[in-house]
Amino acid sequence: DAGVTQSPTHLIKTRGQQVTLRCSPKSGHDTVSWYQQALGQGPQFIFQYYEEEERQRGNFPDRFSGHQFPNYSSELNVNALLLGDSALYLCASSSTQAGITDTQYFGPGTRLTVL
Amino acid sequence: AQSVAQPEDQVNVAEGNPLTVKCTYSVSGNPYLFWYVQYPNRGLQFLLKYITGDNLVKGSYGFEAEFNKSQTSFHLKKPSALVSDSALYFCAVRDRRGSTLGRLYFGRGTQLTVWP
(Lines give C-alpha, C1' and ligand atoms only; values in the text may rest on other atoms or scores of the structure.)
Protein backbone atom coordinates (compact mmCIF):
# COMPACT_ATOMS: atom_id res chain seq x y z
CA ASP A 1 0.00 0.00 0.00
CA ALA A 2 1.65 3.21 -1.18
CA GLY A 3 1.83 6.00 1.30
CA VAL A 4 1.62 9.69 0.55
CA THR A 5 3.81 10.65 -2.39
CA GLN A 6 5.04 14.09 -3.41
CA SER A 7 6.84 15.46 -6.43
CA PRO A 8 9.31 16.82 -7.13
CA THR A 9 11.72 16.04 -4.31
CA HIS A 10 13.72 19.22 -4.74
CA LEU A 11 13.12 22.41 -6.65
CA ILE A 12 15.16 25.55 -7.21
CA LYS A 13 13.45 28.73 -8.39
CA THR A 14 14.28 32.41 -8.57
CA ARG A 15 12.35 35.27 -7.01
CA GLY A 16 9.19 36.21 -8.85
CA GLN A 17 8.73 32.81 -10.47
CA GLN A 18 5.82 30.47 -9.95
CA VAL A 19 5.94 26.88 -8.72
CA THR A 20 3.59 23.89 -8.62
CA LEU A 21 4.01 21.05 -6.16
CA ARG A 22 2.11 17.79 -6.37
CA CYS A 23 0.75 15.28 -3.88
CA SER A 24 -0.94 11.90 -4.12
CA PRO A 25 -2.74 10.82 -0.95
CA LYS A 26 -2.55 7.47 0.77
CA SER A 27 -4.91 4.90 -0.69
CA GLY A 28 -8.41 5.33 0.75
CA HIS A 29 -7.85 8.91 1.88
CA ASP A 30 -9.95 11.78 0.54
CA THR A 31 -8.56 14.83 2.32
CA VAL A 32 -5.27 16.58 1.63
CA SER A 33 -3.59 19.18 3.81
CA TRP A 34 -0.52 21.24 2.98
CA TYR A 35 2.06 22.49 5.46
CA GLN A 36 5.14 24.68 5.18
CA GLN A 37 8.14 23.81 7.33
CA ALA A 38 10.77 26.53 7.44
CA LEU A 39 14.26 25.64 8.63
CA GLY A 40 14.29 25.07 12.38
CA GLN A 41 10.53 25.42 12.72
CA GLY A 42 7.54 23.17 13.09
CA PRO A 43 5.16 22.72 10.14
CA GLN A 44 2.70 25.55 9.59
CA PHE A 45 -0.73 24.81 8.11
CA ILE A 46 -1.36 26.33 4.68
CA PHE A 47 -4.73 24.90 3.66
CA GLN A 48 -6.83 21.76 3.41
CA TYR A 49 -8.81 20.30 0.52
CA TYR A 50 -11.80 18.00 0.56
CA GLU A 51 -14.27 17.27 -2.23
CA GLU A 52 -12.17 19.45 -4.54
CA GLU A 53 -12.73 22.54 -2.42
CA GLU A 54 -10.56 24.49 0.00
CA ARG A 55 -12.12 23.87 3.40
CA GLN A 56 -9.72 25.53 5.79
CA ARG A 57 -6.91 28.02 5.33
CA GLY A 58 -4.05 29.10 7.55
CA ASN A 59 -2.40 32.49 7.71
CA PHE A 60 -0.85 32.47 4.24
CA PRO A 61 -1.25 35.09 1.48
CA ASP A 62 -3.27 34.59 -1.66
CA ARG A 63 -0.04 33.86 -3.54
CA PHE A 64 -0.54 30.36 -2.17
CA SER A 65 -3.32 28.49 -3.92
CA GLY A 66 -4.26 24.91 -4.46
CA HIS A 67 -6.38 22.42 -6.22
CA GLN A 68 -7.75 18.96 -5.60
CA PHE A 69 -8.60 16.61 -8.42
CA PRO A 70 -11.38 14.00 -8.61
CA ASN A 71 -8.85 11.25 -7.77
CA TYR A 72 -8.08 13.16 -4.51
CA SER A 73 -4.58 14.17 -5.58
CA SER A 74 -3.66 17.79 -5.01
CA GLU A 75 -1.45 20.62 -6.19
CA LEU A 76 0.01 23.56 -4.31
CA ASN A 77 0.80 26.63 -6.38
CA VAL A 78 2.89 29.54 -5.20
CA ASN A 79 3.08 32.71 -7.32
CA ALA A 80 5.56 35.57 -7.19
CA LEU A 81 8.06 33.61 -5.14
CA LEU A 82 9.92 35.34 -2.32
CA LEU A 83 13.14 34.31 -0.66
CA GLY A 84 11.09 33.60 2.48
CA ASP A 85 9.14 30.92 0.63
CA SER A 86 12.18 28.65 0.80
CA ALA A 87 11.07 25.71 2.93
CA LEU A 88 10.07 22.07 3.02
CA TYR A 89 6.51 21.71 1.81
CA LEU A 90 4.67 18.78 3.30
CA CYS A 91 1.49 17.15 2.13
CA ALA A 92 -0.64 15.12 4.53
CA SER A 93 -3.63 12.95 3.78
CA SER A 94 -6.45 11.69 5.96
CA SER A 95 -9.91 10.16 5.66
CA THR A 96 -13.20 11.80 6.55
CA GLN A 97 -14.61 8.31 7.03
CA ALA A 98 -12.73 8.14 10.32
CA GLY A 99 -13.87 11.60 11.33
CA ILE A 100 -11.98 14.11 13.35
CA THR A 101 -9.97 11.45 15.17
CA ASP A 102 -8.29 10.36 11.97
CA THR A 103 -4.54 10.62 11.71
CA GLN A 104 -2.87 12.77 9.09
CA TYR A 105 -0.12 10.87 7.29
CA PHE A 106 2.66 12.88 5.73
CA GLY A 107 4.60 12.55 2.53
CA PRO A 108 8.38 13.00 2.26
CA GLY A 109 8.04 16.65 1.28
CA THR A 110 9.31 18.91 -1.47
CA ARG A 111 12.32 21.07 -0.67
CA LEU A 112 11.88 24.45 -2.37
CA THR A 113 14.80 26.82 -2.60
CA VAL A 114 14.19 30.35 -3.85
CA LEU A 115 17.28 32.24 -5.03
CA ALA B 1 -5.87 30.25 20.15
CA GLN B 2 -4.29 26.85 19.92
CA SER B 3 -0.58 26.51 20.59
CA VAL B 4 1.99 23.87 21.41
CA ALA B 5 5.21 24.35 23.33
CA GLN B 6 8.19 22.06 23.33
CA PRO B 7 10.40 23.65 25.99
CA GLU B 8 13.57 21.79 25.06
CA ASP B 9 15.25 22.33 21.70
CA GLN B 10 17.56 19.39 22.37
CA VAL B 11 17.48 16.28 24.54
CA ASN B 12 20.55 14.10 24.95
CA VAL B 13 20.41 10.65 26.49
CA ALA B 14 22.66 7.60 26.65
CA GLU B 15 21.56 4.42 24.91
CA GLY B 16 19.63 2.15 27.26
CA ASN B 17 18.49 5.00 29.49
CA PRO B 18 14.88 6.21 29.61
CA LEU B 19 14.01 9.28 27.56
CA THR B 20 11.37 11.98 27.90
CA VAL B 21 10.50 14.65 25.35
CA LYS B 22 8.24 17.31 26.81
CA CYS B 23 5.16 18.94 25.30
CA THR B 24 2.61 21.34 26.72
CA TYR B 25 -0.39 22.73 24.91
CA SER B 26 -2.92 25.51 25.04
CA VAL B 27 -6.28 24.89 23.41
CA SER B 28 -9.90 25.64 24.11
CA GLY B 29 -11.59 22.55 25.44
CA ASN B 30 -10.18 19.06 25.21
CA PRO B 31 -7.70 18.46 22.43
CA TYR B 32 -6.58 15.61 20.29
CA LEU B 33 -2.81 15.21 20.72
CA PHE B 34 -0.21 13.69 18.41
CA TRP B 35 3.48 12.89 18.26
CA TYR B 36 5.41 12.71 15.00
CA VAL B 37 9.07 11.97 14.30
CA GLN B 38 11.16 13.37 11.45
CA TYR B 39 14.39 11.81 10.24
CA PRO B 40 16.84 13.89 8.16
CA ASN B 41 15.49 14.81 4.74
CA ARG B 42 12.29 12.92 5.39
CA GLY B 43 8.68 13.79 6.05
CA LEU B 44 6.89 13.36 9.34
CA GLN B 45 6.17 9.85 10.59
CA PHE B 46 3.23 9.26 12.94
CA LEU B 47 4.12 7.78 16.34
CA LEU B 48 0.98 7.93 18.47
CA LYS B 49 -2.11 9.93 19.39
CA TYR B 50 -4.38 10.61 22.33
CA ILE B 51 -8.08 10.80 21.61
CA THR B 52 -9.82 9.75 24.81
CA GLY B 53 -9.69 7.14 27.54
CA ASP B 54 -6.51 5.88 29.19
CA ASN B 55 -4.06 8.71 29.81
CA LEU B 56 -1.12 6.49 28.83
CA VAL B 57 -0.97 5.95 25.09
CA LYS B 58 1.30 3.37 23.48
CA GLY B 59 2.62 3.87 19.97
CA SER B 60 5.17 2.71 17.45
CA TYR B 61 8.75 1.60 18.18
CA GLY B 62 8.21 1.29 21.93
CA PHE B 63 7.22 4.92 22.46
CA GLU B 64 4.44 5.97 24.78
CA ALA B 65 2.99 9.28 25.91
CA GLU B 66 1.18 10.41 29.01
CA PHE B 67 -1.71 12.86 28.80
CA ASN B 68 -2.05 15.09 31.87
CA LYS B 69 -5.08 17.32 31.67
CA SER B 70 -4.37 19.36 34.80
CA GLN B 71 -0.86 20.20 33.59
CA THR B 72 -1.93 20.42 29.91
CA SER B 73 0.98 18.20 28.99
CA PHE B 74 1.57 15.28 26.67
CA HIS B 75 5.13 14.08 27.24
CA LEU B 76 6.67 11.43 25.00
CA LYS B 77 8.56 8.63 26.76
CA LYS B 78 10.52 5.48 26.07
CA PRO B 79 11.88 3.16 28.77
CA SER B 80 15.14 2.33 26.95
CA ALA B 81 16.52 4.62 24.24
CA LEU B 82 18.22 3.37 21.08
CA VAL B 83 20.77 5.19 18.93
CA SER B 84 18.32 4.81 16.06
CA ASP B 85 15.78 6.94 17.99
CA SER B 86 17.91 9.98 17.28
CA ALA B 87 15.67 12.31 15.26
CA LEU B 88 13.51 15.43 15.43
CA TYR B 89 10.28 14.99 17.38
CA PHE B 90 7.17 17.12 16.97
CA CYS B 91 4.15 17.40 19.22
CA ALA B 92 0.90 18.50 17.56
CA VAL B 93 -2.60 19.37 18.69
CA ARG B 94 -5.97 19.45 16.98
CA ASP B 95 -8.99 21.21 18.42
CA ARG B 96 -11.74 18.75 19.32
CA ARG B 97 -14.41 21.24 18.34
CA GLY B 98 -15.22 22.39 14.83
CA SER B 99 -15.30 20.51 11.59
CA THR B 100 -14.06 17.02 10.95
CA LEU B 101 -11.27 18.39 8.81
CA GLY B 102 -9.12 19.60 11.63
CA ARG B 103 -5.80 21.29 11.06
CA LEU B 104 -2.79 20.42 13.17
CA TYR B 105 -0.84 22.93 15.24
CA PHE B 106 2.79 21.90 15.74
CA GLY B 107 5.46 22.73 18.26
CA ARG B 108 8.92 23.80 17.12
CA GLY B 109 10.35 20.35 17.58
CA THR B 110 12.87 18.72 19.90
CA GLN B 111 16.08 17.21 18.57
CA LEU B 112 16.73 13.92 20.37
CA THR B 113 20.27 12.56 20.35
CA VAL B 114 20.96 9.14 21.80
CA TRP B 115 24.65 8.47 22.50
CA PRO B 116 26.03 4.93 22.23
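Worth saying up front: this structure is predicted, and the values here are computed from it rather than measured. Note that these values count all heavy atoms, side chains included, but never hydrogens, waters or copies made by symmetry. Every chain is numbered from 1 and lettered A, B, ... according to where its sequence line falls, protein lines coming before strand lines.
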Handout entry: Criterion side-chain hydrogen bond (donor to acceptor under 3.5 Å, both in side chains) on Tyr49(A) and Glu75(A), from CA distance to verdict
Key = CA-CA 10 Å; Tyr49(A) 276 83; Glu75(A) 288 181 350; over 6 Å; no
Exercise for the section: Please assess Phe63(B) against Tyr89(B) for the test ring-ring contact (aromatic ring centres under 6.0 Å, His included), listing each intermediate value before the final yes or no. Expected result: CA-CA 12 Å; Phe63(B) 283 94; Tyr89(B) 290 81; 5.6 Å; yes
Exercise for the section: Applying side-chain hydrogen bond (donor to acceptor under 3.5 Å, both in side chains), run through Ser94(A) and Gln104(A) and close with a yes or a no. Expected result: CA-CA 5 Å; Ser94(A) 55; Gln104(A) 292 186 17; 4.9 Å; no
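Between Phe46(B) and Tyr105(A), the angle of the ring planes goes over 60°, which puts this pair in the perpendicular group of the 30/60° scheme. Ring orientation note: the planes of Phe74(B) and Tyr50(B) are tilted relative to one another, at an angle of 30° to 60°.
Only the side chain of Gln38(B) comes within contact range of chain A, with at least one heavy atom under 4.5 Å from a heavy atom of that chain. Proximity to chain B is absent for every atom of Phe47(A), based on heavy atoms less than 4.5 angstrom apart. Using a 4.5 Å cut-off between heavy atoms, Gln6(A) does not touch chain B at all. For Tyr36(B), the part lying under 4.5 angstrom from a heavy atom of chain A is the side chain only. Only the backbone of Arg42(B) comes within less than 4.5 Å of a heavy atom of chain A; no side-chain atom from C-beta onward does.
Between chain B and the residues Gly42(A), Pro43(A), Pro108(A), the largest count of heavy-atom pairs under 4.5 Å involves Pro43(A).
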